[in-house]
Amino acid sequence: MSDLRSLYQEVILDHKKRPRNFRLMESADFWADGHNPLCGDKMTVFLKIDDEIIKDVSFQGEGCAISMASASLMTEIIKGKSAQEAECLFSKFHRLMTDDGLTHTSGLPLGKLEVLAGVKEFPMRVKCATLAWHTLHTALDHSNQVVTTE
Ligand code: FES
């Protein structure tokens, strides 16, 4: 295993073991429930938004290492960003997971999210990695509802 690959795996395991922003947010302005129908795993994403800026974000739920790490990394990168920037990161991350041609595109850098790039080689796990993001997308839509990754 290359050094880079093992570093990536370490980051994923660290976020699985100690997920950042893993908590209920009683005062959330918006939230949504996400569901991966392939495995039954569920998660809720909470948002506090002020003047279009994501002041706070948290999540709760149960899932595999990939889904938990992805949610944890997502909360770290979107906190302090505008809702529009978060949506841009979602579409860029989605392309990273699904588009073979993606190398480096313009816009906000994906930063640590790139540790999940290897997931693309396992199509069944792409839904794990994108569960939190689909849930975020629904919460940003202010619809406070349930979303599935299908
Ligand atoms: Fe359920 Fe990954 S196996 S979200």
Side-chain angles (χ1 to χ4, degrees), residues 1-26 28-49 54 56-81 83 85-103 105 107-150:
M1 187 187 297
S2 74
D3 286 353
L4 190 61
R5 209 175 165 111
S6 83
L7 171 72
Y8 281 9
Q9 218 161 56
E10 255 176 56
V11 173
I12 291 169
L13 288 176
D14 176 49
H15 277 263
K16 159 67 178 164
K17 266 195 234 153
R18 296 185 305 114
R20 316 318 191 251
N21 302 301
F22 186 84
R23 61 190 149 81
L24 175 74
M25 193 190 296
E26 302 265 1
D29 295 316
F30 305 103
W31 66 92
D33 294 319
H35 175 221
N36 182 348
L38 293 179
C39 60
D41 289 338
K42 291 180 175 165
M43 101 174 27
T44 305
V45 171
F46 305 95
L47 293 171
K48 190 137 200 68
I49 296 184
I54 299 170
D56 199 8
V57 49
S58 68
F59 75 104
Q60 278 200 319
E62 273 183 48
C64 61
I66 300 289
S67 68
M68 290 291 106
S70 180
S72 175
L73 288 160
M74 178 190 83
T75 61
E76 281 196 320
I77 198 166
I78 67 163
K79 200 185 280 191
K81 301 268 190 316
E85 286 171 325
E87 289 285 13
C88 286
L89 282 166
F90 171 45
S91 53
K92 200 168 174 184
F93 181 70
H94 199 266
R95 285 206 306 281
L96 178 72
M97 291 291 105
T98 56
D99 182 355
D100 283 343
L102 178 71
T103 48
T105 56
L108 291 167
L110 287 173
K112 277 199 217 165
L113 293 174
E114 297 209 15
V115 300
L116 291 162
V119 171
K120 172 168 61 186
E121 290 164 35
F122 307 94
M124 295 289 285
R125 309 311 298 275
V126 168
K127 285 185 191 296
C128 304
T130 55
L131 176 62
W133 288 89
H134 284 290
T135 311
L136 168 73
H137 176 71
T138 302
L140 282 173
D141 206 26
H142 303 177
S143 41
N144 295 351
Q145 59 176 282
V146 179
V147 64
T148 71
T149 53
E150 284 204 317

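Remember, it's 1-based here, ligands and their atoms both numbered in the order they're listed. Just so it is clear, the values below take in all heavy atoms, side chains as well, and ignore hydrogens, waters and symmetry mates.
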Stepwise side chain to side chain contact (heavy atoms under 4.5 Å, CB included) test for His15 and Val11:
CA-CA 6 Å; His15 277 263; Val11 173; 3.9 Å; yes
Partner of His137 under ring-ring contact (aromatic ring centres under 6.0 Å, His included), chosen from Phe30, Phe93, Phe90
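Looking at Phe30, Phe93, Phe90, the match for His137 under the ring-ring contact (aromatic ring centres under 6.0 Å, His included) is Phe90.
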Heavy-atom pair of closest approach, residues Ala129 and Met97
CB-SD, 3.7 Å
Distance-only donor-acceptor hits, side chain of residues 58-66, under 3.5 Å, sequence neighbours excluded:
| from | atom 1 | to | atom 2 | distance (Å) |
| --- | --- | --- | --- | --- |
| Ser58 | OG | Arg23 | O | 2.9 |

Show your working on side chain to side chain contact (heavy atoms under 4.5 Å, CB included) between Lys79 and Asp56 and close with a plain yes or no.
CA-CA 6 Å; Lys79 200 185 280 191; Asp56 199 8; 3.5 Å; yes
When rounded to the nearest 0.5 angstrom, what is the spacing between CD1 in Ile78 and CH2 in Trp133?
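Ile78 atom CD1 to Trp133 atom CH2 measures 6.5 Å (nearest 0.5 Å).
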Tell me the protein N, O or S atoms under 2.8 Å from atom 2 (Fe) of ligand 1, in chain and number order.
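Metal shell, protein only: Cys64 SG, Cys128 SG.
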